[in-house]
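Values below: every heavy atom of this structure, side chains too, minus hydrogens, waters and symmetry copies.
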Amino acid sequence: MEEHNIGIENLPKVKRKKNKKLAKIGIVCVLVLVFLVGDLIGRGGFNIKAGSLHLSSTVHIPALSVGSARTATDAFDYSSVNEVYGLLQKDFDGNLDHTKLLDGIKHGLVSAAGDPYTEYFDPQEAKDLNDQLSGSFTGIGAELGTDEDNNIVVVSPLAGYPADKAGLKSKDIVAGVNGQSTTGMNVDSVVRKIRGPANTDVKLTIVRGSSKPFDVNLTRQEITLPSVKYQEDGNIGYLKISQFTNDTVDLANKAAAEFKAKGVKAIVLDLRGDPGGYLDGAVAISSMWLDQGKTVVSEHRGSTVIDTKYATGSNPFKGIPTVVLIDGGSASAS
């Protein structure tokens with residue numbers, strides 16, 4: 001089960017023209033745009049550098065650059081994109097939002113690479129991710145996942161937060177957000193729609209068992225969660241890491257000191273539902289068991305080693321029998 005902590009917008013609808021011929025041209029233009037951009041992008045991987053994109057009579061894309069490892073023959077020819085944009089300007093019935101067009105190109109560029117773990121974030125999405133990695137974000141206070149039928153479900157509400165106070169329960173199906181069905185949406189998309197500024201409302205349509213669907217109105221609030229929880233059960237230490245965020249290493253070191261003081265003889269490291277986070281944090285946690293200089297992770301591009309991360313040697317758990325728990329929600333750094 002894929003799990004996410006949740007604590008965001010739709011493109012404007014296309015206005016249809018009464019003239020059927022022009023309406024068909026507009027639809028064909030959009031389809032051609034999607035096809036051509038996807039075809040151009042799918043031919044190779046590229047580094048994306050931060051920058052601004054500008055649209056006038058043509059589409060200029062200085063924010064996209066070919067990495068130093070690429071040859072001149074790999075460079076993009078954007079002329080077909082400009083041609084499609086020209087058709088949109090000429091025949092589209094409605095107002096063209098340049099910002100959203102550019103975001104669509106960027107989303108399509110990354111998506112066409114075909115890697116489900118590579119995703120383009122617009123500024124708001126990037127902010128949401130950074131907030132989550134800081135351990136503080138705004139939302140309703142629940143974990144979302146998927147069931148065997150790919151429904152979006154509540155994994156568990158967090159005690160004391162809006163979802164819990166509203167009575168949401170584990171296995172509740174989130175069938176809609178603000179009146180929009182979640183059918184066919186992935187967890188990340190639903191999370192982004194549920195999150196938003198603190199003290200604003202979001203309406204969820206909930207299906208519980210065989211009961212009739214019902215709506216729940218929730219007021220978002222700031223959610224602050226430590227990424228590490230720990231306790232002792234006899235001489236066994238339990239260490240739960242929910243995500244690798246800013247506070248993970250410090251909290252894990254506190255756990256190590258307490259385990260040592262209490263004579264812990266074995267450890268359970270729980271990474272279930274941990275979607276990842278900062279790689280350096282994962283390296284530091286691994287170093288709590290490994291000798292200095294041991295390879296923790298090596299990054300390759302083809303046969304070339306791009307980067308290698310090594311254990312630091314600060315290994316308070318070295319030699320202590322350890323069981324690691326993972327599930328389908330354990331990913332990336334975990």
Is there a side-chain contact between D291 and K318 (heavy atoms, below 4.5 Å)?
yes
Could you list the residues that satisfy side chain to side chain contact (heavy atoms under 4.5 Å, CB included) with S156, not counting sequence neighbours?
E143
Side chains of T304 and H300: does their closest heavy-atom pair fall under 4.5 Å?
no
OH of Y120 to NE2 of H107, rounded to nearest 0.5 Å, is 6.0 Å
Quick one: closest heavy-atom pair of A284 and V249, and the distance?
CB-CG2, 3.7 Å
Please confirm whether the backbone N or O of V153 pairs with a side-chain atom of N151, one donor and one acceptor, at under 3.5 Å?
no
Which other residues end up in the same hydrophobic cluster as I236, if Ile, Leu, Val, Met, Phe, Trp and Tyr are linked when side-chain heavy atoms come under 4.5 Å apart?
Y238, V268, V323, L325
Can you list every side chain to side chain donor-acceptor pair (under 3.5 Å) pair that touches residues 163-173, not counting sequence neighbours?
D172-R208
Search all heavy atoms of Q243 against all heavy atoms of G276 and return the closest pair with its distance.
CG-O, 2.9 Å
Give a yes or no on whether I206 and M185 share a hydrophobic cluster (residues Ile, Leu, Val, Met, Phe, Trp, Tyr; joining criterion: side-chain heavy atoms under 4.5 Å apart).
yes
Report yes if the side chains of I194 and L204 come closer than 4.5 Å at any heavy-atom pair, otherwise no.
yes
With hydrophobic residues grouped by side-chain heavy-atom distances under 4.5 Å, do I241 and V155 end up in a single group?
no
What's the separation between atom OG1 in T99 and atom CG in D122, rounded to the nearest 0.5 Å?
10.5 Å
Note, N246 side chain near Y278 side chain (heavy atom, < 4.5 Å):
yes
Single-linkage hydrophobic cluster, 4.5 Å side-chain cutoff, L290 and I320 together:
no
Among T295, V297, V283, whose side chain to side chain contact (heavy atoms under 4.5 Å, CB included) with Y310 holds?
T295
How would you list all residue pairs meeting salt bridge (charged side-chain N to carboxylate O under 4.0 Å, His left out) that involve residues 225-238, not counting sequence neighbours?
E232-K262
Just by distance, do the side chain of S334 and the backbone of L271 share a donor-acceptor pair under 3.5 Å?
no
Taking every non-hydrogen atom, the tightest pair across V296 and A311:
CG2-N, 3.6 Å
Taking all atoms of both residues into account, what is the closest heavy-atom pair of N150 and T146, and its distance?
CA-CB, 4.4 Å
Which pair of heavy atoms, one from G263 and one from N235, lies closest together, and at what distance?
O-CB, 4.1 Å
May I ask whether V264 and L251 are part of the same hydrophobic cluster, defined by side-chain heavy atoms of I, L, V, M, F, W, Y residues being less than 4.5 angstrom apart, directly or through others?
yes
Among side-chain atoms of S314 and T312, is any donor-acceptor pair under 3.5 angstrom?
no
Decide side chain to side chain donor-acceptor pair (under 3.5 Å) for N186 and S189; before the verdict, give the C-alpha distance in whole Å, the side-chain angles of both, and the deciding distance to 0.1 Å.
CA-CA 6 Å; N186 60 31; S189 298; 2.8 Å; yes
Could you tell me which residues satisfy ring-ring contact (aromatic ring centres under 6.0 Å, His included) with F317, sequence neighbours excluded, listed by chain and number?
W289
Hey, could you give me the CG/CZ distance between D188 and F121, rounded to the nearest 0.5 Å?
7.0 Å
Taking the side chain as every heavy atom from C-beta outward, state whether I152 and D147 have any pair of such atoms under 4.5 Å apart.
no
Does this structure show an ion pair linking E119 with R192, if we count only N-O contacts that are shorter than 4.0 Å?
yes
pair P197-T138: side-chain heavy atoms closer than 4.5 Å:
no
Pair S330, D274 - check side chain to side chain donor-acceptor pair (under 3.5 Å), show working.
CA-CA 5 Å; S330 305; D274 184 336; over 6 Å; no
Got a salt bridge between D201 and R220, using NZ or NE/NH1/NH2 to carboxylate O under 4.0 Å?
no
Pairs where residues 238-257 contributes a residue and the test salt bridge (charged side-chain N to carboxylate O under 4.0 Å, His left out) is met, not counting sequence neighbours:
K240-D270
What residue among V228, D280, I285 forms side chain to side chain contact (heavy atoms under 4.5 Å, CB included) with F244?
I285
Assess the residue pair S242 and L225 against the criterion (side chain to side chain contact (heavy atoms under 4.5 Å, CB included)); give the C-alpha distance rounded to whole Å, side-chain angles, the decisive distance to 0.1 Å, and a yes or no.
CA-CA 9 Å; S242 58; L225 298 173; over 6 Å; no
Can you tell if the side chain of P213 reaches within under 4.5 Å of the side chain of V207, non-hydrogen atoms only?
yes
Side chain proximity check, H98 to Y85, heavy atoms < 4.5 angstrom:
yes
Correct closest heavy-atom pair for V202 and K193 would be CG2-O, 4.4 Å
